[in-house]
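A quick note: this is a predicted structure, and the numbers were derived from the prediction, not measured. Only this structure's heavy atoms are used, side chains among them; waters, hydrogens and symmetry mates stay out. All ligand and atom numbering here is 1-based and tracks the order in the structure.
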Amino acid sequence: MEQYAIKGGNPLVGEVEIGGAKNAALAILAAAVMTDETVYIENMPDVRDTNVLIQAMESIGVVVNRVDRHSVKINASQIHSLTIEDDFIKKIRASYYLLGALLGKYKKAEVTLPGGCNIGSRPIDQHIKGFEALGAKVTIDHGMIIAEAEELRGSHIYLDVVSVGATINIMMAAALAEGKTIIENAAKEPHIVDVANFLNSMGANIKGAGTDVIRIRGVKELHGTDYSIIPDQIEAGTFMMAAAATKGDVLIKNVIPKHLDSISAKLVEIGAYVEEFDDAVRVVSKERMKSTQIKTLPYPGFPTDMQPQMAVTLALSEGTSIISESIFENRFKYVDELSRMGAKIKVEGNTAIIDGVKSFAGANVVAPDLRAGAALVIAGLCANGVTLIDKIEYIQRGYEDFEGKLRSLGAEIEKVTSEKEIQKFKLRVG
Ligand code: UD1
């Protein structure tokens with residue numbers, strides 16, 4: 001059982017390099033099976049979710065060749081099965097991207113119903129609506145989603161809710177459909193643009209990604225490509241928040257500052273200093289920060305995946321802050337853990353009312369999901385004394401070498417696996 005042991009109190013100072021975007025990587029890996037030619041992908045994050053997806057792809061005959069830690073070559077010419085039942089795949093949400101990718105290429109796919117972080121009910125009705133509009137028959141049987149079609153035909157699809165997953169899934173299937181597809185009320189997240197760029201580099205004809213109307217003209221087949229994944233907006237945002245919360249000074253490198261606008265704006269509003277460079281942002285905070293109000297929204301709004309990290313920062317800021325979570329209904333599970341560290345947060349429905357406190361006290365806490373886990377790490381970095389975080393496998397789903405990167409910024413954090421190691425850590429940090 002791995003845990004993080006953290007001794008709080010050190011401001012984070014220095015430079016950190018951000019990796020490739022996990023959520024883009026997951027969709028791009030799946031999309032790479034849509035050609036029989038070899039696809040070369042760079043800036044692939046080495047995190048649990050991408051590795052689980054790669055394993056599932058290998059289980060149906062996709063050949064994945066790791067060129068180095070962050071580059072893979074993928075060849076899907078030898079696929080021998082269109083059924084993904086890998087037990088691990090249930091743990092990741094993005095398994096559903098293989099539905100759109102395989103349906104587009106082979107007109108049939110069978111994938112175990114997706115799991116992922118337990119942050120509320122996560123229906124896939126919009127994905128299904130999209131596949132059906134393209135002419136597929138979709139059934140759910142014994143926990144499997146089965147999609148099949150004689151042929152896929154372009155269609156006009158209006159999404160009832162703005163969904164990242166449904167937008168990408170429909171885009172993939174439509175790329176190899178006959179004729180033209182229009183997705184209206186599409187999600188606009190940076191990784192949607194990245195997946196569209198990737199598919200276009202394979203010969204697809206997708207226009208409008210990044211706006212709420214995406215137009216796809218189906219092509220007969222896709223070909224191989226070399227592609228580099230965009231930097232991870234949420235990993236970058238997490239380090240920005242960690243810098244601000246610990247009253248540090250961090251240069252966060254290899255980012256697209258535009259993707260961080262909503263996060264930078266909120267940090268500036270509460271009193272941090274944010275400086276933008278071409279491909280880096282610097283976050284500095286010296287004083288105690290102020291309160292604010294935030295509502296999570298689809299891009300370009302404030303990301304739901306940054307909500308817990310922001311809450312930790314606000315829980316240490318002066319005054320009363322209010323966070324409304326409008327995307328997922330169960331995303332305040334970290335509040336009980338944070339309260340054990342001294343935070344004063346009251347949750348009413350989809351709103352958290354945060355009364356800022358001056359400090360946190362280290363405690364034993366449990367990561368309830370990926371981003372909330374990262375938020376608890378930030379809390380530990382700010383707390384007096386030692387914090388132990390359990391269930392860090394959630395954090396490892398989406399952050400590559402989180403502890404190593406934090407240590408390089410001066411944090412006292414270690415991965416520990418036994419009581420003996422915990423004691424050793426405590427002795428070392430005093
Ligand atoms: C993706 C991200 C996740 C992020 C989320 C919102 C991946 C692997 N995960 O998740 O990190 O938190 O976007 O930015 O990229 N909905 C429906 N029906 C559907 C699909 C979604 O009602 O068919 C609802 C969801 O319940 C939620 C909202 O739409 O309330 C947004 O969900 P969606 O954008 O689809 O999130 P994911 O793609 O699952």
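Those atoms of ligand 1 with a heavy atom of His191 less than 4.0 angstrom away are 15 (O). Close contacts between ligand 1 and Ile124 involve ligand atoms 19 (C), 23 (O) [criterion: under 4.0 Å to a heavy atom]. Taking every heavy atom of Gly165 and a limit of under 4.0 angstrom, the matching atoms of ligand 1 come to 35 (O), 38 (O).
At a heavy-atom cutoff of 4.0 Å, ligand 1 is contacted by no atom of Lys129, backbone or side chain. For Ala166, no heavy-atom contact with ligand 1 is shorter than 4.0 Å. Residue Arg331 touches ligand 1 through its side chain alone, judged by heavy-atom distances below 4.0 Å. Contacts between Asp305 and ligand 1, counted as non-hydrogen atom pairs separated by less than 4.0 Å, involve the side chain only. When heavy-atom distances to ligand 1 are checked against a 4.0 Å cut-off, Phe328 comes that close only through its side chain, counted from C-beta outward. When heavy-atom distances to ligand 1 are checked against a 4.0 Å cut-off, Ile327 comes that close through both its backbone and its side chain. With a heavy-atom cut-off of 4.0 Å, Val162 touches ligand 1 through its backbone alone. With a heavy-atom cut-off of 4.0 Å, Val161 touches ligand 1 through its side chain alone.
Any N or O atom pair closer than 3.5 Å counts here, and Gln126 shares at least one such pair with ligand 1. The distance criterion of under 3.5 Å between nitrogen or oxygen atoms is met by Tyr96 with respect to ligand 1.
Remark: Asp160 engages Lys129 in a salt bridge, criterion side-chain N to carboxylate O under 4.0 Å. Using a 4.0 Å cut-off between a side-chain N of Lys or Arg and a carboxylate O of Asp or Glu, Glu414 and Arg407 do not qualify as a salt bridge. Classification of Lys415 and Glu403 as a salt-bridged pair holds, one side-chain N sitting under 4.0 Å from a carboxylate O. One finds a salt bridge joining Asp49 and Arg397 here, because a Lys/Arg side-chain nitrogen approaches an Asp/Glu carboxylate oxygen to under 4.0 Å.
At a threshold of 4.5 Å between non-hydrogen side-chain atoms, the residues Val72 and Tyr40 do not count as touching.
Qualifying side chain to side chain contact (heavy atoms under 4.5 Å, CB included) partners for Glu276, counting only residues two or more places apart in sequence or in other chains: Pro257, Asp261, Ser264, Val281.
Not close to ligand 1: Arg371, with no non-hydrogen atom less than 4.0 angstrom away.
Residues Asn254 and Asp279 have side chains that never bring a donor and an acceptor to within less than 3.5 angstrom of each other.
Exactly one residue among Lys405, Arg48, Arg69 makes a salt bridge (charged side-chain N to carboxylate O under 4.0 Å, His left out) with Glu400. That residue is Arg69.
Considering Ala187, Ser163, Gly398 only, the shortest heavy-atom separation from atom 21 (C) of ligand 1 involves Ser163. Closest heavy-atom approach to atom 8 (C) of ligand 1 among the candidates Asp125, Ile128, Asn23, Thr167: Asn23.
Ring planes of Tyr227 and Phe198: perpendicular class, angle over 60° (limits at 30 and 60°).
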Using residues 205-217 as the side-chain source, report each donor-acceptor pair under 3.5 Å to any protein atom, sequence neighbours left out, with the distance given to one decimal.
{"residue": "Thr211", "atom": "OG1", "partner": "Gly208", "partner atom": "O", "Å": "2.7"}
{"residue": "Thr211", "atom": "OG1", "partner": "Val213", "partner atom": "N", "Å": "3.2"}
{"residue": "Thr211", "atom": "OG1", "partner": "Val213", "partner atom": "O", "Å": "3.0"}

